[in-house]
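Since the structure comes first, as structure tokens, the remarks are kept for the end.
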Amino acid sequence: MSVLTELPAWQSLWQHFSETRHLHMRDQFLNDPERAERYFLEVGDVFLDYSKNRINDETIRLLMQLAHEAGLPDKLKAMFKGEKINTTENRAVLHVALRNRTNSPIMVDGEDVMPKVNSVLDRMGRFSHAVRSGEWLGYTNQPITDVVNIGIGGSDLGPLMVCSALKPYGHPRMNMHFVSNVDGAQLKETLKKVHPETTLFVVASKTFTTQETLTNALTAREWFLRHADDEKNVAKHFVAVSTNQKAVADFGIDPANMFEFWDWVGGRYSLWSAIGLPIMLYLGVENFTELLNGAHIMDQHFRNAPLEANMPVLLGMLGVWYINFYGGGSHVIAPYDQYLHRLPAFIQQLDMESNGKQVMHDGQSVDFETAPIIWGETGINGQHAFFQLLHQGTHVSPIDLIASLERRASLPGHHEILLANVFAQAEAFMRGKTADEVRAELSGQGMGKEAMEALVPHKVFGGNRPTNTLLISRLSPRNLGSLIALYEHKIFVQGVIWNINSFDQWGVELGKQLAKTIHGELTDKLPPATHDSSTAKLIDLFRRYNA
Ligand code: G6Q
């Protein structure tokens, strides 16, 4: 038995679960007019309505007791203080330092990290300003019009998601492109759209050893040199973002064109660092700073608010309630905003890579579930597709419905329709539709009794399906910063409860090693002798097709 499952609060939560699981939220709302008022939180311009969850005051009390018993307050302090909480890599975890707007010292190995954070931010700012203003010129003295970020995973998804989300804030001359896939197609299609004289490549890799990124970067460089001829022109069109200066120099990018970050920034938590350079190039220094400010607001709230009024803590503990007690193994992210269409993919990596773990800090196996499967799509499109399962399927999956309140002035009428859908879905997931309600509806349409009774079971919705409604005033850099930090901290909370290391990723590292042997066999024609018969057959098939 793990320490967690022996904690008094864990045991009490099981008891509480068996006493309350039959309760229906519809009745809870009827019997408690204050419910929506009580289960509502506001941080900056982020509003969370968590009243449509299968909880009562006792649930919250016990979940908070569990957070205390699991040591959340101390572990939270340890992260902010720069302690090496990433135990398997012996690293601090300090994405919060990257947006520490008060500039208070944060020490790692006896050194305050803030001066170097600020100095890289300054360099990024000067460079972005030069590119955006047209002062930075390409090899034929033309300003940059296109930025191609070459990176994968944490060195791709964050900047890609933020640049898509904040498109209305983007520089009108700047077109942003993101190449992560090594299949050749993504790079080929991107290169068709850009011109070597006006394109800036940002090669983004924390380690600068990732095969996909280096392969794409080399191909981009060859393409560039086919047009630009002279090696000396590379400096005007290629910059690197990395922690590995030597590998950047070996690759042929002048370290003067490298923007640094540090091993205490996890890949999936790195958009606030130099990995965010494409964001700054696109949005400008002021908007990037606003993104940091928004995250800082959430950091301060997370650090200082009491647990029961702490937005990331509540979201994290509600997740624990469903994952560990209800046995819900998935969680849906449904942004009602096309600009946020990459948010589900971003949070999917953030959560599943952080908490997709099966051993605790001490190496013992867990005896409880950890990270849920995160999935999703823009909510309105999801409604016309997988929401069927969410309403009537056998899986119960909590859903985060995310939207902004202020209408976009440019297209009247749209926003009301959108928000009506958000609120109606949340209500329907909570209430469901009873057999009597279905009968009343069908008889109102004049349907005969026999036909009606045959149809009733199909049109009944059990409801009682949990949702969080997360609203922001508007999709601004500041609010997006707060929203991302909210999810980062929610994931941290769950990692603490489960006593797992949320900041390593050995499964991803394995992927980086695995392909190497087979790559040699595909290219060098070595006999694929060391594999199982299936893998050997597949390798052989590939060779025959490419002989
Ligand atoms: C993020 C992950 C992973 C990583 C990529 C790219 O937390 O570790 O997604 O970002 O594998 O790694 P590099 O930045 O080192 O190329």
Side-chain angles (χ1 to χ4, degrees), residues 79 85-96 98 120 148-162 178-183 186-187 201-221 238-251 253 258-279 342-357 371 374 484-485 487-489 491-492 495 500-516 519:
M79 174 171 74
I85 59 170
N86 175 354
T87 45
T88 60
E89 295 178 306
N90 193 30
R91 289 175 181 169
V93 174
L94 277 179
H95 40 284
V96 292
L98 302 166
V120 172
V148 180
N149 188 77
I150 299 181
I152 195 163
S155 301
D156 166 68
L157 272 169
L160 167 59
M161 185 274 286
V162 173
F178 290 83
V179 175
S180 54
N181 200 326
V182 75
D183 66 350
Q186 202 181 15
L187 183 59
F201 291 92
V202 178
V203 185
S205 174
K206 180 173 171 179
T207 55
F208 231 77
T209 56
T210 304
Q211 197 180 27
E212 294 89 332
T213 299
L214 295 191
T215 305
N216 280 329
L218 268 179
T219 305
R221 197 169 183 274
F238 280 79
V239 298
V241 178
S242 188
T243 58
N244 187 346
Q245 187 165 333
K246 179 172 182 312
V248 169
D250 291 348
F251 179 84
I253 295 182
M258 173 182 145
F259 295 86
E260 193 192 3
F261 65 115
W262 310 275
D263 70 359
W264 41 261
V265 182
R268 53 198 174 277
Y269 297 89
S270 65
L271 69 89
W272 323 98
S273 73
I275 288 289
L277 184 64
I279 303 176
R342 294 303 283 161
L343 186 70
F346 173 78
I347 295 176
Q348 183 178 64
Q349 173 185 26
L350 197 62
D351 198 327
M352 293 173 75
E353 195 174 342
S354 297
N355 286 344
K357 309 289 162 62
I374 303 285
I484 300 168
Y487 277 97
E488 289 178 343
H489 295 323
I491 291 162
F492 174 81
I500 55 179
N501 184 355
S502 303
F503 301 105
D504 61 9
Q505 56 282 314
W506 300 107
V508 172
E509 308 301 336
L510 174 71
K512 294 188 184 184
Q513 292 161 13
L514 279 180
K516 286 202 176 131
H519 180 245

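Counting starts at 1 for both ligands and their atoms, following the listed order.
Listed by number with element, the atoms of ligand 1 under 4.0 Å from a non-hydrogen atom of Ser205 are 13 (P), 14 (O), 15 (O), 16 (O). Listed by atom number, the atoms of ligand 1 under 4.0 Å from Thr210 heavy atoms are 12 (O), 13 (P), 15 (O), 16 (O). Atoms of ligand 1 lying under 4.0 Å from at least one heavy atom of Gln505, given by number and element, are 8 (O).
Among protein heavy atoms, atom 10 (O) of ligand 1 sits closest to Gly154 N, 2.9 Å. Of all protein heavy atoms, the one closest to atom 9 (O) of ligand 1 is Gln349 NE2, 2.8 Å. Of the protein's non-hydrogen atoms, Thr207 OG1, 2.6 Å is the one closest to atom 15 (O) of ligand 1. The protein heavy atom nearest to atom 5 (C) of ligand 1 is Ile152 O, 3.5 Å.
Within the structure, the closest approach of Glu212 to ligand 1 does not fall below 4.0 Å when heavy atoms are considered.
No donor-acceptor pair under 3.5 Å is formed between the side chain of Lys512 and the backbone N or O of Thr209. Side-chain N or O atoms of Glu212 include none that pairs as donor or acceptor with a backbone N or O of Ser180 at under 3.5 Å. Between the side chain of Ser242 and the backbone N or O of Ser205 there is at least one donor-acceptor pair closer than 3.5 Å. Formation of a donor-acceptor pair under 3.5 Å by the Gln186 side chain with backbone atoms of Phe178 is found in this model.
Applying the side chain to side chain donor-acceptor pair (under 3.5 Å) test between Asp504 and each of Thr88, Thr87, Asn86 identifies Thr88 as the sole match.
Around the CD atom of Gln245, the shell of radius 6.0 Å holds no more than 12 heavy atoms that belong to other residues, nucleotides or ligands.
Distances from atom 2 (C) of ligand 1 to the heavy atoms of Arg268, Glu353, Lys512 show the closest one on Glu353.
If you take NE2 on His489 and CD1 on Ile484, they are separated by 11.5 Å, rounding to the nearest 0.5 Å.
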